[in-house]
Structure formats: structure tokens, C-alpha cells
Amino acid sequence: QALINGGVAVIAILIKNISDATVYLGDATVTTANGFPIAANETMILEMDLVTYDNLYLIHGGSGNKAVRVAYFLQA
């Protein structure tokens, strides 16, 4: 069962950057200039409600792909 915050279900999203580079978190317009940085080997936890939840995007400043792990949990 999700945590109800003012009648709205809340989820926790865990993002673990397992790459060797900083990645940047944001919406569909994310860039290295406007994104929230997540350093190499850093973990971030976000709380989001299921009403305003939107897609999350991650990019990095180099070429090729970088690995991150994403998990979400319904808060109890």
C-alpha cells in the first residue's frame, strides 16, 4: 500500500549511477547545463506523488552509453 500524503499516493524512486561519469537528471529537455547532477557511484532517492509523476530522463556529457540503475517503491 502506498503512503497517502493528503490523499495522494507517494512513491520513492532510487537512482544509482554505476558509471564512471556524472549523469544529469531532468525532464525531456534535460541538458548538462540544466540537469541535476548525479556523480559517479552516487545514489539519489526521490519522492514523487502518482498524480504529478512524469517521465525522468538522464544524460551525460560524453559519447556512448553510461549505466544507471533505477528502482521504485510504493511507500508503506
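From a predicted model like this one, the values you see are computed outputs, not experimental measurements. Any value given below was found using the heavy atoms of this structure, including those in side chains, with hydrogens, waters and symmetry copies removed.
- Applying the salt bridge (charged side-chain N to carboxylate O under 4.0 Å, His left out) test to residues at least two apart or on different chains, none of the pairs has a partner in residues 29-46.
- Counting heavy atoms from C-beta outward, I15 and L46 have side chains that approach closer than 4.5 Å.
- By the rule that hydrophobic residues join a cluster once side-chain heavy atoms approach within less than 4.5 Å of another member, V70 and I18 end up as members of separate clusters.
- In the hydrophobic clustering, Y57 connects to Y24, V30, I59, either directly or through intervening members, whenever side-chain heavy atoms lie under 4.5 Å apart.
- In this structure, the side chain to side chain donor-acceptor pair (under 3.5 Å) partners of N34, at least two apart in sequence or on a different chain, are T31.
- By the side chain to side chain donor-acceptor pair (under 3.5 Å) test, S63 is found to be paired with no residue, residues two or more places apart in sequence or in another chain being considered.
- With sequence neighbours left out, D20 forms a salt bridge (charged side-chain N to carboxylate O under 4.0 Å, His left out) with K66.
- When hydrophobic clusters are built by joining Ile, Leu, Val, Met, Phe, Trp and Tyr residues whose side-chain heavy atoms come closer than 4.5 Å, directly or via intermediates, F36 is grouped together with I13.
- Note: I38 CD1 to L58 CG = 5.5 Å, rounded to the nearest 0.5 Å.
- S19 pairs by the side chain to side chain donor-acceptor pair (under 3.5 Å) definition with N17, not counting sequence neighbours.
- The side chain to side chain contact (heavy atoms under 4.5 Å, CB included) test applied to L14 returns K16, T43, I45, F73, not counting sequence neighbours.
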